[in-house]
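The basis for the numbers below is simple: all heavy atoms, side chains too, and nothing from hydrogens, waters or symmetry mates. Quick caveat: nothing in here was measured; it's all calculated off a predicted structure.
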Amino acid sequence: MQVDIKTTEMKPIRNTYGHIAERFGDKPASRYQEATYDLQATDHFHYRPLWEPEKELIDESRTKLKMKDWYAFKDPRQFYYGTYVAARAKMNEGAEANFNFVDSKGLAEKLTDSVISTVKECILPLRHLGLSANMNNSEMTAKGFGTVTTQATMYYAMDHLGIAQYISRIGLVVDGNTGTSLTQAKALWMDAPYLQGLRRLAEDTLCCDDWFELFVAQNLVLDGMMYPLVYESIINSIEEQGGTAISMLTDFMTQWMKETKRWVDAEINVAAGESEYNKDLIQSWITKWSKRATEALAPLADKALGASGAAAMKDAAQSLNSRVAKCGLSL
């Protein structure tokens, strides 16, 4: 008896979804492309918002920025929900390991009074700034146009919420889980003179109507200056004073900024490269908000670093300027 085994090749009628094939061609698409492009509704809205009847629910005119194609943007990390959650889970494992190590070795009890004072006065109040950044990116997600951008701003919003929670946990570490340091941090955020410029800046960003201007103000300028100042200059100073434990507990923030600034810079690069109009508009926003951020952060730098505060501010500004210079922009 003879058995002949034959194989039959079956070619798919199409390789991907129709709307993806229209943009990238009829070929197998990546999960990022399938989960990102052309997903936002553009027609057949039920009603205009009652609070803003002159606009559609999702409307390009919610920003002065002009784009021929709002899907010209691309997240270099290629984050969609699955990859984003996996990446953050891995980072969280590292953060939890650091918290557990500091706790198991009793490193918090070895911190000097000077280090604890700097943490309580200059790090813990920033949990409130993290919450304003969360709200701002939620606003960008609500008003933004194009899923390629709005899904990334939602991830960025949740990142800031997580960072605010990590800062809160650092407060519990340094005060023996009593929570008194967090109460004190809120009082400082509300009343301490060296934080009032920063608080006012945070509150003014919450009132910014143009969502892409808000993107520039919060994600590019404020975060782009604050993170080098706080999580490099101030944390390095704390580490030099024997605060290695604090450096470990803020490692998540350091790694997060290295990752997310790639996406922020990519957004700015595409938007500014679209037209001279966009480039001039973004430049005006950078000039406006970088001046505000410098004025707001300088007192914090002086409080934490004393005579070295001005140099740290200069380094933070230079760090941001080197980023925007790649897009033909400047502070």
Side-chain angles (χ1 to χ4, degrees), residues 76-77 79 83-112 114-131 133-134 137 152 155-177 181-182 185 218-219 222-265 297 300-301 304-305 308 312 315-316 319-320 322-323:
R77 305 165 300 176
F79 275 175
T83 50
Y84 166 74
V85 170
R88 288 296 173 268
K90 184 176 181 180
M91 289 179 67
N92 184 65
E93 287 178 3
E96 289 297 329
N98 287 342
F99 273 92
N100 290 336
F101 182 83
V102 169
D103 180 57
S104 65
K105 298 297 182 180
L107 298 183
E109 288 76 14
K110 299 176 183 178
L111 296 174
T112 65
S114 175
V115 166
I116 293 176
S117 178
T118 301
V119 170
K120 288 182 176 181
E121 294 176 352
C122 301
I123 304 296
L124 299 190
L126 300 181
R127 62 198 287 260
H128 300 285
L129 195 63
L131 291 175
N134 168 267
N137 276 273
Y155 301 151
Y156 200 88
M158 299 312 298
D159 287 343
H160 269 293
L161 181 60
I163 288 170
Q165 291 173 338
Y166 277 132
I167 294 174
S168 300
R169 289 182 63 183
I170 292 171
L172 296 176
V173 168
V174 299
D175 70 12
N177 288 317
S181 64
L182 302 182
Q218 175 69 63
N219 297 356
L222 181 53
D223 287 351
M225 293 184 72
M226 189 198 74
Y227 274 76
L229 172 65
V230 175
Y231 297 106
E232 291 180 19
S233 296
I234 295 178
I235 292 299
N236 287 345
S237 175
I238 288 174
E239 189 169 1
E240 290 171 359
Q241 300 174 56
T244 304
I246 302 302
S247 180
M248 292 179 63
L249 299 182
T250 57
D251 185 60
F252 180 96
M253 294 72 148
T254 303
Q255 299 306 317
W256 175 81
M257 191 59 186
K258 289 179 181 178
E259 175 213 281
T260 54
K261 71 181 181 181
R262 294 171 53 220
W263 162 65
V264 174
D265 292 355
L297 289 167
L300 176 66
L305 300 170
S308 302
D315 290 343
S319 175
L320 178 58
S322 65
R323 290 170 56 188

Problem set entry | Separation between CG of L172 and CZ of F99, rounded to the nearest 0.5 Å | 9.0 Å
For this session: Working to the nearest 0.5 Å, report the span between CD1 of I234 and CE of M226.
Result: 9.5 Å
For this session: Sequence neighbours left out, what passes side chain to side chain contact (heavy atoms under 4.5 Å, CB included) with T112? Give chain and number order.
Result: S114, V115
Exercise. Does the side chain of I123 come within less than 4.5 Å of I235's, by heavy atoms?
Worked result: yes
Exercise. Can you name the closest pair of heavy atoms from A152 and R77 and give their distance?
Worked result: CB-NH2, 4.3 Å
Exercise. Checking S104 side chain against F101 main chain: does a donor-acceptor pair fall under 3.5 Å?
Worked result: yes
Exercise. What is the distance from atom CE of M158 to atom CZ of R88, rounded to the nearest 0.5 Å?
Worked result: 11.5 Å
Problem set entry | salt_bridge(D175, K120) N-O dist < 4.0 Å | no
Seminar exercise, completed: Distance col, row D315:CG vs M225:CE, nearest 0.5 angstrom, shows 11.0 Å
Seminar exercise, completed: Which of N137, D223, N134 passes side-chain hydrogen bond (donor to acceptor under 3.5 Å, both in side chains) with Y156? Answer is D223
Problem set entry | Non-hydrogen atoms of L111 and G242 that approach each other most closely | CD2-O, 4.1 Å
Problem set entry | Heavy-atom check, side chain of Y231 versus side chain of Q255, under 4.5 Å | no
Show me, pair by pair, the donor-acceptor contacts under 3.5 angstrom made by side chains of residues 163-171, not counting sequence neighbours?
{"unit_1": "Y166", "atom_1": "OH", "unit_2": "N92", "atom_2": "OD1", "d": "2.3"}
{"unit_1": "S168", "atom_1": "OG", "unit_2": "R127", "atom_2": "NE", "d": "2.8"}
{"unit_1": "S168", "atom_1": "OG", "unit_2": "R127", "atom_2": "NH2", "d": "3.2"}
{"unit_1": "S168", "atom_1": "OG", "unit_2": "A164", "atom_2": "O", "d": "3.0"}
{"unit_1": "R169", "atom_1": "NH1", "unit_2": "E96", "atom_2": "OE2", "d": "2.6"}
{"unit_1": "R169", "atom_1": "NH2", "unit_2": "E96", "atom_2": "OE1", "d": "3.4"}

Just distance, no hydrogens or angles: give the donor-acceptor pairs under 3.5 Å from side chains in residues 243-250, sequence neighbours left out.
{"unit_1": "S247", "atom_1": "OG", "unit_2": "E239", "atom_2": "OE1", "d": "3.4"}
{"unit_1": "T250", "atom_1": "OG1", "unit_2": "I246", "atom_2": "O", "d": "3.0"}
{"unit_1": "T250", "atom_1": "OG1", "unit_2": "S247", "atom_2": "O", "d": "3.3"}

Exercise. Is any side-chain heavy atom of V230 less than 4.5 Å from a side-chain heavy atom of M253?
Worked result: no
Problem set entry | Considering all heavy atoms, the nearest P76-W263 contact | CD-CA, 3.9 Å
Exercise. About how many Å separate CH2 of W256 and CG of D251, when rounded to the nearest 0.5 Å?
Worked result: 14.0 Å
Problem set entry | From L229 atom CG to L320 atom CG, the distance as rounded to the nearest 0.5 Å | 12.5 Å
Exercise. Can you check whether T260 reaches F79 side chain to side chain, under 4.5 Å on heavy atoms?
Worked result: no
